[in-house]
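Letters A, B, ... are given to chains in the order of the sequence lines, protein chains preceding strands, and every chain is numbered from 1.
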There are 2 protein chains.
Amino acid sequence: MLDATSSYEIMDQRIPVDDRTGRRIVPETHSRADRLSTTRYGNRPTMKDVAARAGVGLKTVSRVVNGEAGVTPETEHRVREAIEALGFRRNDSARVLRKGRTASIGLVLEDLADPFYGPLSRAVEEVARANGALLINGSSAEDPEREQELVLALCARRVDGLVVIPAGDDHRYLEPELKAGVATVFVDRPAGRIDADVVLSDNFGGARDAVAHLIAHGHRRIGFVGDMPRIHTAAERLRGYRAAMEDAGIEVADAWTSLGVTDPQRVRRAAEEMLSGPSPVTAIFTGNNRVTVTVIRVLAEHTRRVALVGFDDIELADLLQPGVTVVAQDAATLGRTAAERLFRQLDGTLLTPERIELPTRLITRGSGELAPAD
Amino acid sequence: MLDATSSYEIMDQRIPVDDRTGRRIVPETHSRADRLSTTRYGNRPTMKDVAARAGVGLKTVSRVVNGEAGVTPETEHRVREAIEALGFRRNDSARVLRKGRTASIGLVLEDLADPFYGPLSRAVEEVARANGALLINGSSAEDPEREQELVLALCARRVDGLVVIPAGDDHRYLEPELKAGVATVFVDRPAGRIDADVVLSDNFGGARDAVAHLIAHGHRRIGFVGDMPRIHTAAERLRGYRAAMEDAGIEVADAWTSLGVTDPQRVRRAAEEMLSGPSPVTAIFTGNNRVTVTVIRVLAEHTRRVALVGFDDIELADLLQPGVTVVAQDAATLGRTAAERLFRQLDGTLLTPERIELPTRLITRGSGELAPAD
DNA sequence: CCCGCATCTGACAACGTTGTCCAGGCTCTA
DNA sequence: TAGAGCCTGGACAACGTTGTCAGATGCGGG
């Protein structure tokens, strides 16, 4: 997957990391880069060209392009004509090099295709836009190494700031960047081993409430299907589940929890085992949207009615029979809050790293209110 | 309005923002950034610094960083130590300026939060990654002006290529860019007034099949709820609806079609009118995923059973009662195909613009097979 | 008529990197 | 031991832009 030969610009940066292959990459990429064209940028006109055509100095063009004062309307007109005639477009790379700010921020998340991250990403984008910045984003696919790769590639491009939904649990590699002034906010999960701004959902509280809700409806044998406890959110939700059970004086049987299983087939099997073991569960608490969807499918095939509460809301959850009770977190607010803090870091308003925890909301729709059916 | 000069106004918009922060930041950030230093990039070390510390020449550092041959292991070691000690990270802006390629591509779509675009975006990202490029993306919010703004901002950053899901219908503003060698592929909707690569779904065929399917199940009064015909996909789907009706010799009543209404409340009203007019429909064909979801809600409140086929697949569609029959298009394949063509343009394999149409797939789940209930 | 001032314009350096080219030192051979 | 050839390392220019500063121009007042 991480085919070194095919990835050249970014991977060069990784050379310290994988020294073995590093050397071999370079010659092979020649074929690609060099076949492209003989002239850089396909020979785009520069300010110099515009200046020559308009018969003015370089700096005058710059002034026109940037709307600076001190240019006669007549001169400005000539310059604009030249710009249009040549199809000139300012080269922001050079501008960045000169000015030191890129007006772009990076967003690293797990998977852009996940319906949880779409709205989050969009919210970040909107804030970026309001601050005149573009958004570069990348998916880590829950792989710490890939996360680091992406983050460092973004830093090499000198993004002004980073919004990171971390996959790994050690972010000391970011220390030089933080020192260098790259604004950074972690979202959804905290940073590992460094001091940084964090915006989280109240995963523990949400999970505890969800399970307490099931207990309040008479359940005692409650299953939990969650992700790897290595992931902070998964660990917190597990903790919430355990806390609620303990609060109610219920001992949790080993067979009731499934951790770290995520692909649909295996989630399916895990759920079925809970439902058919010697002490079968009467309710299930699912740890994220994907798991919830799979478990809904499993339950739909069962005749026995099993209660369900899921973490994360799901589209159409209200239209299923029964409606799916969930603990909803607000992805858009999560993203917006993080991005706003990022820009406040950048304009110097925000000084000390904080940990912000947003509340979750239990939405009852039926599936979580079913009575136990033994 | 959309002349060449406006692009600079776009950047000018950014500049005031930039300047406001840029200028004022410096003093204010003292506490955070200046704890470390006072200059640009928070005084990041450059190759020069590394060279000085390692006691070698500038170019030698460059060689080490880029894995070029011609450096003794011992020298290389010294350089790497200096790099680590200083926390040096190559400045890709300068690199880009020098080399002329950014190894990044831009993706402009309607709304990242839409479940249709998430997978598409992710697919583009994966292809970009395989080719060593990063992805910058922006949402046009279905606004042609904003689309142009975004596209031109991306061009100013000298992205190597663009994947565009257009909102507007006139893309002549892209001509200078195309000439300058910016690889461009349009997705989901064709480019307007320029000759460019396009990857589309078979919207017309899919819609016609969907409506024919309803007709085959005995329906004659079939409603269509779609988006503004200004949007190519919406127009094509409308055309498909009309073609199927005409093929069956059915005259379409005005009251049966709703176009350009998208927000849930008004879609709801539109659907209810179709269902309660003098000649109420017995089936509805919905033109995109958001509309489908809303109409499902409306139908769920009705006692009379109304058939439904939706364009675009929906998560959990199989678990509803009845399951939702849809015409599915494969967003990921759409994105992947487009991105692959983009990189083939870049490496010179692909020379002439083409129009590629991907088939859609009718997935029957129950709602489209209901008999008419008058 | 000239000076001072304000307004407009342009030459030049700098941003951090990479490509070119040359210098110096080494090894190997005659 | 001298000369050829190779290998390593460094000086320098260039990429396209912006900030600085000084020069040119025009105008009004003394």
Side-chain angles (χ1 to χ4, degrees), chain A residues 8-9 12-13 26 30 33-34 39-41 43-52 54-79 83 86 88-103 156-158 180, chain B residues 8 11-12 15 18-19 22-23 26 39-52 54-79 83 86 88-103 156-158 180:
Chain A
Y8 141 55
E9 311 281 349
D12 282 4
Q13 197 63 32
V26 179
H30 276 313
D34 291 14
T39 37
R40 309 152 30 84
Y41 300 130
N43 233 0
R44 292 192 86 115
T46 70
M47 281 191 179
K48 205 168 147 189
D49 301 324
V50 175
V56 301
L58 185 54
K59 181 63 213 214
T60 302
V61 177
S62 172
R63 273 194 269 263
V64 171
V65 168
N66 293 297
E68 287 170 32
V71 182
T72 350
E74 197 250 344
T75 310
E76 171 169 347
H77 184 70
R78 276 219 316 285
V79 172
I83 286 176
L86 296 173
F88 166 81
R89 194 94 58 210
R90 180 178 61 195
N91 185 334
D92 271 2
S93 293
R95 176 167 220 255
V96 161
L97 179 60
R98 188 63 234 254
K99 300 200 79 140
R101 296 237 151 223
T102 54
R157 309 224 165 184
R158 297 292 187 269
Chain B
Y8 303 106
M11 298 175 214
D12 290 348
I15 287 165
D18 248 305
D19 265 0
R23 289 278 169 89
V26 183
T39 37
R40 307 149 30 86
Y41 298 131
N43 226 1
R44 293 192 84 116
T46 71
M47 283 193 178
K48 207 168 147 189
D49 301 325
V50 175
V56 301
L58 185 55
K59 181 64 212 212
T60 302
V61 177
S62 172
R63 272 194 270 262
V64 171
V65 169
N66 293 298
E68 286 172 32
V71 182
T72 350
E74 196 252 343
T75 309
E76 172 169 347
H77 184 71
R78 275 218 318 284
V79 171
I83 287 178
L86 295 173
F88 166 79
R89 193 95 57 209
R90 179 179 63 195
N91 184 334
D92 271 3
S93 293
R95 178 168 219 250
V96 160
L97 180 59
R98 188 63 233 250
K99 302 197 78 144
R101 296 246 146 218
T102 55
R157 312 233 162 173
R158 296 295 188 267

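For C:dT9, one of the phosphate oxygens OP1 or OP2 lies less than 4.0 angstrom from a side-chain nitrogen or oxygen of A:T75. Distances shown here put every side-chain N or O of A:T72 at or beyond 4.0 Å from the OP1 or OP2 atom of C:dC8.
Put simply, the side chain of A:E76 does not reach to within 4.5 Å of the side chain of A:R63, judged on heavy atoms. Between B:R95 and B:N66 the shortest side-chain heavy-atom distance falls below 4.5 Å. Here the side chains of A:I83 and A:V65 are in contact, with some heavy-atom distance below 4.5 Å.
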_Go through it in stages, so that I can follow the logic: the residues are A:V50 and A:L86, the test is side chain to side chain contact (heavy atoms under 4.5 Å, CB included), and I'd like the CA-CA distance, side-chain angles, deciding distance and then a yes or no._
CA-CA 7 Å; A:V50 175; A:L86 296 173; 4.0 Å; yes
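As rounded to whole Å, 17 Å separates atom P of D:dC15 from atom CZ of A:R44. Taking atom CZ on A:R78 and atom P on C:dC8, their separation rounds to 14 Å, with Å as the unit. Between the CG atom of A:L97 and the P atom of D:dG19 there is a distance of 13 Å, given to the nearest Å. Between B:R157 atom CZ and D:dC15 atom P the separation is 23 Å, expressed in whole Å.
Summary of helix geometry: the two end axes of the helix from C:dC1-D:dG30 to C:dA30-D:dT1, each defined by five base pairs via their C1' atoms, are inclined to each other by 60° (rounded to 10°).
For A:E68, the side-chain hydrogen bond (donor to acceptor under 3.5 Å, both in side chains) criterion is met by no residue, not counting sequence neighbours. For B:L58, the side chain to side chain contact (heavy atoms under 4.5 Å, CB included) partners at least two apart in sequence or on another chain are B:M47, B:K48. With sequence neighbours excluded, the residues that form a side chain to side chain contact (heavy atoms under 4.5 Å, CB included) with B:R78 are B:V56, B:E74.
Side-chain atoms of B:R157 come within 3.5 Å of backbone N or O of A:T102 as a donor-acceptor pair.
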What are the atom names and distances for every N/O pair under 3.5 Å that joins the protein to nucleotides 17-20 of chain C?
| unit_1 | atom_1 | unit_2 | atom_2 | d |
| --- | --- | --- | --- | --- |
| C:dT17 | OP1 | B:N91 | N | 3.1 |
| C:dT17 | OP2 | B:M47 | N | 2.7 |
| C:dT18 | OP1 | B:N66 | OD1 | 3.3 |
| C:dT18 | OP1 | B:N66 | ND2 | 3.1 |
| C:dT18 | OP1 | B:R95 | NE | 3.0 |
| C:dT18 | OP2 | B:S62 | OG | 2.9 |
| C:dT18 | OP2 | B:N66 | ND2 | 3.2 |
| C:dT18 | O2 | B:R98 | NH1 | 2.2 |
| C:dG19 | N7 | B:K59 | NZ | 2.8 |

